[in-house]
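The structure under discussion appears below in the form of structure tokens.
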Amino acid sequence: MMYYTHLAFGLLVSLISINFFDINNQIMFILIAVLFSIFPDIDERKSKIGKKYKSASTIINFIFGHRGFFHTIFVPLILFLGFNYINNEFGIAVLVGYFSHLFMDALTKHGISPLAPLVNRKINGPFKTNSLLEKVLFLVIVLLILYLLLLYS
């Protein structure tokens, strides 16, 4: 998926999560979740976040490749433990954002292997990255975000 689809879906899921988890610091929760909705693509040097942090992206890509270890469930769980130690809501925000990214990438034809290297079974879906179908999905997500914002106001 493109970064803007990840950002939009991260925002949508964070808005839903605020009520579900009864979040107090809502703005910080949303910011962290949205940031971590694009973070896994640090393993791709040509991604928005990869271009911003070129050195880290190059090293991570060299060691793990794109959609390797950083696209498994293990990284968000490790990050959750660290952020949860600082603040429970921050830990949940990391999980929400990171898992939103993994979910969306699992919907692409390229897919992900969420349990690699323990289980190398790939999960993939019908979406081609940057296709018309993804753009339609993005539009639906934006409409859902607007609906939730109107509902919550």
Side-chain angles (χ1 to χ4, degrees), residues 1-58 60-61 64-80 82-84 86-114 123-153:
M1 295 280 172
M2 297 299 293
Y3 77 95
Y4 54 84
T5 307
H6 283 300
L7 288 172
F9 190 67
L11 177 58
L12 175 65
V13 174
S14 68
L15 289 172
I16 293 168
S17 298
I18 284 173
N19 286 332
F20 184 79
F21 292 109
D22 194 28
I23 301 299
N24 293 318
N25 194 345
Q26 296 178 355
I27 301 293
M28 187 60 72
F29 184 89
I30 291 169
L31 290 173
I32 292 170
V34 169
L35 170 66
F36 278 91
S37 73
I38 61 167
F39 180 79
D41 281 339
I42 189 107
D43 66 5
E44 172 54 56
R45 293 169 288 186
K46 294 178 183 173
S47 70
K48 283 284 185 192
I49 194 165
K51 288 178 184 175
K52 181 98 172 138
Y53 300 100
K54 290 179 185 175
S55 298
S57 181
T58 300
I60 291 167
N61 183 274
F64 301 109
H66 181 51
R67 294 201 185 183
F69 184 66
F70 272 70
H71 280 73
T72 69
I73 65 166
F74 304 112
V75 174
L77 293 176
I78 291 166
L79 290 170
F80 167 76
F83 278 87
N84 194 54
I86 298 166
N87 180 297
N88 185 12
E89 290 184 357
F90 294 176
I92 294 169
V94 168
L95 280 182
V96 165
Y98 211 110
F99 278 118
S100 76
H101 184 102
L102 297 181
F103 176 78
M104 293 303 279
D105 276 357
L107 294 177
T108 66
K109 290 184 180 203
H110 184 59
I112 62 168
S113 297
I123 299 171
N124 52 357
F127 291 89
K128 183 177 178 197
T129 301
N130 205 23
S131 66
L132 178 61
L133 189 57
E134 180 185 347
K135 290 177 171 98
V136 169
L137 176 64
F138 172 75
L139 181 60
V140 169
I141 292 168
V142 169
L143 291 173
L144 288 170
I145 290 167
L146 293 173
Y147 172 76
L148 287 179
L149 290 175
L150 288 172
L151 187 67
Y152 293 161
S153 60

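For the single chain, residues carry numbers from 1 onward in sequence order.
Each of Leu7, Leu144, Leu143 was evaluated against Leu12; a single residue qualifies, Leu144, per the side-chain contact (heavy atoms from CB on, under 4.5 Å) test.
Sorted by first then second residue, the ring pair (Phe, Tyr, Trp, His ring centres under 6.0 Å) pairs that include residues 131-153, not counting sequence neighbours, are Tyr4-Phe138.
Taking 4.5 Å as the limit, some side-chain heavy atom of Phe127 sits within range of a side-chain heavy atom of Leu137. Proximity of Leu79 to Leu95: side-chain heavy atoms (C-beta onward) are nowhere separated by under 4.5 Å. Taking 4.5 Å as the limit, some side-chain heavy atom of Ile123 sits within range of a side-chain heavy atom of Pro114. Between Phe36 and His101 there is no side-chain heavy-atom pair separated by less than 4.5 Å. When side chains are defined from C-beta on, Lys48 does not count as touching Asp41, because their heavy atoms never get closer than 4.5 Å.
Centroid-to-centroid, the aromatic rings of Tyr98 and Phe83 stay 6.0 Å apart or farther. Taking the centre of each ring, Phe29 and Phe21 stay at or above the 6.0 Å mark.
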Can Thr108 and Arg67 be said to form a side chain to side chain contact (heavy atoms under 4.5 Å, CB included), step by step? CA-CA 12 Å; Thr108 66; Arg67 294 201 185 183; 2.8 Å; yes

For His71 and His66, run side chain to side chain donor-acceptor pair (under 3.5 Å): C-alpha distance rounded to whole Å, both residues' side-chain angles, the deciding distance at 0.1 Å, then the answer. CA-CA 8 Å; His71 280 73; His66 181 51; 4.8 Å; no

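Using a 3.5 Å distance cut-off with no hydrogens or angles, the side chains of His6 and Asp105 do pair a donor with an acceptor.
Checking side-chain atoms of Ser14 against main-chain N and O of Leu11 turns up a donor-acceptor pair under 3.5 Å.
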